[in-house]
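Following: one structure in structure tokens, then a few remarks.
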Amino acid sequence: MTFSEQIISIIKRIPRGKVATYGQIAALAGNPRGARAVIWLLHSSSGKEKLPWHRVINGKGQISLKPGQGYEEQRVMLESEGVEFDLYGRVDMERYRWKP
DNA sequence: AACCTGACTTCGG
DNA sequence: TCCGAAGCCAGGT
């Protein structure tokens, strides 16, 4: 299994209504420092691999996409799964973080 | 092989 | 708790 394949399979395991951080995924794939590599993968494979990319957010518990660049879409996707956002667009990690 | 990019993370002030 | 700087990874050019 290559690092990239690990990332793909891991993201596919994230259950509905839960979210994971880039760093968390990288760590599960065996590379605690590979958060940025995860980003690259989402860019290259989110379309063809049918990944639940919307369940991946940053460590602060918020969506990293900019409004008009996919932010709204991701937020709607998550809310439709039951994930709630506060006034600052952050989610309660203690409650929604995916714990494998 | 060097350099750049990207939806990050961590640490110090 | 918030902001900026520095560090890190994989793939493409």
Side-chain angles (χ1 to χ4, degrees):
Chain A
M1 269 287 225
T2 67
F3 179 64
S4 301
E5 296 175 322
Q6 292 275 3
I7 301 294
I8 300 295
S9 63
I10 290 174
I11 294 180
K12 284 183 176 176
R13 290 180 200 138
I14 303 176
R16 276 179 48 101
K18 292 292 181 178
V19 297
T21 69
Y22 303 95
Q24 177 184 359
I25 293 176
L28 290 174
N31 196 332
R33 316 274 185 178
R36 310 202 60 144
V38 174
I39 295 177
W40 182 88
L41 274 195
L42 291 181
H43 269 276
S44 63
S45 316
S46 63
K48 32 190 175 182
E49 293 287 348
K50 298 180 182 177
L51 303 173
W53 59 272
H54 56 280
R55 304 198 184 123
V56 186
I57 60 182
N58 63 30
K60 299 172 191 167
Q62 38 187 21
I63 294 176
S64 296
L65 294 174
K66 299 170 186 176
Q69 298 284 317
Y71 175 88
E72 293 84 355
E73 182 185 2
Q74 178 166 22
R75 177 157 176 164
V76 171
M77 298 276 266
L78 291 175
E79 293 184 317
S80 69
E81 296 186 346
V83 178
E84 298 173 19
F85 291 79
D86 64 13
L87 298 176
Y88 306 100
R90 294 182 301 199
V91 305
D92 184 340
M93 293 306 279
E94 289 304 304
R95 182 177 171 187
Y96 299 109
R97 179 173 173 288
W98 174 46
K99 303 164 187 172

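Remember, it's a predicted structure, so these values are computed and weren't measured experimentally. Every chain is numbered from 1, with letters handed out A, B, ... down the list of sequences.
Atoms NE2 (His43(A)) and P (dC4(B)) sit 19 Å apart, rounded to a whole Å. Across the protein-nucleic acid pair, Leu41(A) atom CG and dG12(C) atom P stand 11 Å apart, rounded to whole Å. Distance Ile11(A) CD1 to dC8(B) C1': 13 Å, rounded to the nearest Å. The separation between Met77(A) atom CE and dA7(B) atom P is 18 Å, rounded to whole Å. Summarising the geometry, the separation between CD on Gln6(A) and C1' on dC9(C) is reported as 15 Å, rounded to the nearest angstrom. Atom CG of Leu42(A) and atom P of dG11(C) are 14 Å apart (whole Å). Summarising the geometry, the separation between CG on Asn31(A) and P on dC8(B) is reported as 16 Å, rounded to the nearest angstrom. Regarding Gln62(A), its CD atom lies at a distance of 10 Å from the P atom of dC3(C), rounded to whole Å.
Inter-residue side-chain proximity for Trp98(A) and Ile25(A) is flagged as unmet; no heavy-atom pair is nearer than 4.5 Å. With contacts defined as side-chain heavy-atom distances shorter than 4.5 Å, the pair His54(A)/Ile63(A) does not qualify.
In terms of position on DNA chain B, the residue among Asn58(A) and Trp40(A) whose nearest nucleotide sits closer to the 5' end is Trp40(A).
Tyr71(A) comes within 4.0 angstrom of no nucleic acid atom, judged by non-hydrogen atoms across all strands. In this structure, Ile39(A) reaches the sugar-phosphate backbone alone: every heavy-atom distance under 4.0 Å involves primed, P, OP1 or OP2 atoms, never a base. Note on Ser4(A): only backbone sugar-phosphate atoms sit closer than 4.0 angstrom, heavy atoms only; bases stay farther off. Val38(A) comes within 4.0 angstrom of nothing in the nucleic acid, heavy atoms only. Within the 4.0 angstrom heavy-atom criterion, base atoms lie near Ala37(A).
Summarising the geometry, atom CH2 belonging to Trp40(A) is positioned 15.5 Å from atom OH belonging to Tyr22(A); distances are rounded to the nearest 0.5 Å. Rounding to the nearest 0.5 Å places CD1 of Ile57(A) at 11.0 Å from CG of Leu65(A).
Checking each of Leu41(A), Leu42(A), Ile8(A) against Glu49(A) for a side chain to side chain contact (heavy atoms under 4.5 Å, CB included) leaves exactly one that passes, namely Ile8(A).
Taking atom C1' on both nucleotides, dA7(B) is separated from dT13(C) by 22 Å, rounded to a whole Å.
On a pure distance criterion of 3.5 Å, no polar donor-acceptor pair joins the side chain of Arg33(A) and the base of dC8(C).
The side chain of Arg36(A) lies closest to dC8(C) when the candidates are dC8(C), dA10(C), dT9(B).
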